[in-house]
Protein chains: 2
Amino acid sequence: MSRAKSEVLDAAAEVFMTLGAEAASIDDVARHLGATKGRIYHHFPSKGVLLAEVCLRAADFAHRAVHPVLDPDLPPDVQLRQMVCAHIPAVLGSLPYHKVILQSFVGMSQKSTTALERSLLADIRQERKAYETLFRDVISRGMACGAFRSQNISVALHSVLLMVNAPVFWYQPRAEDSTDFMTDLSEQLADMAVAALQ
Amino acid sequence: MSRAKSEVLDAAAEVFMTLGAEAASIDDVARHLGATKGRIYHHFPSKGVLLAEVCLRAADFAHRAVHPVLDPDLPPDVQLRQMVCAHIPAVLGSLPYHKVILQSFVGMSQKSTTALERSLLADIRQERKAYETLFRDVISRGMACGAFRSQNISVALHSVLLMVNAPVFWYQPRAEDSTDFMTDLSEQLADMAVAALQ
DNA sequence: TTGACAGCATACTCAGTAGTATGTTTGCAT
DNA sequence: ATGCAAACATACTACTGAGTATGCTGTCAA
């Protein structure tokens with residue numbers, strides 16, 4: 001992807017985050033770029049596609065961060081801890097994107113008319129489902145071997161996933177605390193996630 | 001509150017839930033009522049006030065449900081379990097309202113111009129903070145007496161609160177399962193919440 | 001040098017939307 | 001019966017915002 005297009009995506013993520021994806025206008029995004037609509041519509045055919053590509057990139061960020069730590073030979077509780085500790089910094093490092101994709105979970109507009117938008121939304125759902133499956137598998141393994149107590153796995157999965165995404169709701173990036181605070185936070189959330197399942 | 005006004009609020013909650021609060025228009029709400037804008041603007045001075053009153057009612061629903069089970073003499077883990085088991089059915093019983101208030105957490109438009117809207121938003125923040133304090137206190141008590149392990153209380157609070165609100169994201173009301181499923185779900189989430197803190 | 005295309009900016013169109021102004025009906029007290 | 005609000009419906013206005021059509025400018029290959 002070209003540098004210019006990536007800048008537009010970054011700006012869109014920030015503006016969509018602060019104003020809300022629906023409330024924010026293309027002109028708002030352009031203003032935040034110091035540009036005009038022309039630049040945005042040169043790279044993206046519609047607002048829906050722009051929004052979808054922001055969400056797709058958010059899902060991609062998380063997936064790319066967690067994938068390297070996957071190891072089927074690890075005990076489930078250790079594996080889950082690793083996944084959470086990889087997830088948190090990735091999410092907090094690209095916070096605007098994840099705040100936007102969170103909005104799309106709550107308020108499903110679904111007014112996507114064009115075929116391209118529908119295709120992108122399908123991609124997002126697939127990415128999201130694949131990411132969920134990563135966690136579902138490790139929880140399932142943990143229940144099978146007795147490391148986690150057995151309970152409704154869908155409920156457990158969604159609860160844990162939302163818990164480790166909770167910082168998206170309240171975290172505001174400060175200047176200094178970046179790495180220190182993030183490692184502490186990651187470990188605390190990993191502790192809670194594992195404890196919730198045991 | 002009059003019956004007619006309450007009906008408008010219900011319709012607004014449902015439409016705002018499905019279409020998103022910003023994307024949905026007053027005409028959409030009116031159409032869902034089988035009425036016209038006149039009815040809505042007779043009871044509410046603006047869309048912002050309508051949205052704010054939906055959110056306020058959502059906060060009120062949860063608060064009214066949990067308040068009766070509060071008992072400072074109960075052990076913290078038991079108390080928390082009771083609160084969660086009161087919270088879940090209340091939320092799932094008025095799901096549209098809570099889906100709307102969830103949207104306002106993620107996408108803070110904050111374009112409220114009128115004084116009335118600002119006042120209502122302040123009320124919502126206050127209600128929300130009071131509700132959080134209910135949980136913060138019991139977690140704090142649990143940490144003090146050793147029932148819960150000591151950790152960053154703000155992180156723990158937000159994590160637990162979001163976990164018990166997770167069903168708002170994924171729950172779709174079926175016909176039959178109402179009571180049975182809800183009690184099972186409540187107990188599972190209560191288990192996870194308590195376990196996450198121990 | 002020139003054309004040709006990427007990468008924008010400018011200046012529109014037009015559908016939809018919040019809000020208003022003004023009827024119209026219905027219940028109800030006197 | 002009648003005045004009179006409450007509780008709407010109807011018919012507007014003014015404006016925003018997505019999308020488009022077109023113009024402008026640098027770059028780069030031939």
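Letters A, B, ... are given to chains in the order of the sequence lines, protein chains preceding strands, and every chain is numbered from 1. Just so you know, these numbers come straight off a predicted model, no measurement behind them.
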E117(B) with K47(B): basic N within carboxylate O range, under 4.0 Å:
no

Test: R57(B) and D10(B) ion pair at under 4.0 Å:
yes

Applying side chain to side chain donor-acceptor pair (under 3.5 Å), which residue pairs with at least one partner in residues 60-74 of chain A are found, sequence neighbours left out?
D60(A)-R64(A), H63(A)-E127(A)

Rounding to an integer number of Å, can you tell me how far [X] [atom1] sits from [N] [atom2]?
{"X": "D27(A)", "N": "dC15(D)", "atom1": "CG", "atom2": "C1'", "result": "14 Å"}
{"X": "L50(B)", "N": "dA18(C)", "atom1": "CG", "atom2": "C1'", "result": "12 Å"}
{"X": "I26(A)", "N": "dG16(C)", "atom1": "CD1", "atom2": "P", "result": "18 Å"}
{"X": "Y41(B)", "N": "dG19(C)", "atom1": "OH", "atom2": "P", "result": "4 Å"}
{"X": "E7(A)", "N": "dG7(C)", "atom1": "CD", "atom2": "C1'", "result": "13 Å"}

Which residue pairs pass the ring pair (Phe, Tyr, Trp, His ring centres under 6.0 Å) test when at least one of the two sits in residues 137-168 of chain A, sequence neighbours left out?
H158(A)-W170(B)

Under the salt bridge (Lys or Arg N to Asp or Glu O under 4.0 Å) rule, collect the residues that match up with D27(A), sequence neighbours excluded.
K37(A)

Reading nucleotides 5-10 of chain D from the 5' end, what letters show protein touch, with B for base, S for backbone sugar-phosphate only, - for no heavy atom under 4.0 Å?
--BBBB

List every contact pair, protein side and nucleotides 23-26 of chain D side both N or O, where the distance is under 3.5 Å.
none

Please give me the minimum heavy-atom distance between A13(B) and V100(B), naming the atom from each residue.
O-CG2, 3.5 Å

Assign A24(B) to base, sugar-phosphate, or nothing according to its heavy-atom contacts below 4.0 angstrom with the strands shown.
sugar-phosphate

Before we go on, tell me: are the rings of F105(A) and F169(B) under 6.0 Å apart, centre to centre?
no

Applying salt bridge (charged side-chain N to carboxylate O under 4.0 Å, His left out), which residue pairs with at least one partner in residues 188-198 of chain B are found, sequence neighbours left out?
R81(B)-D191(B)

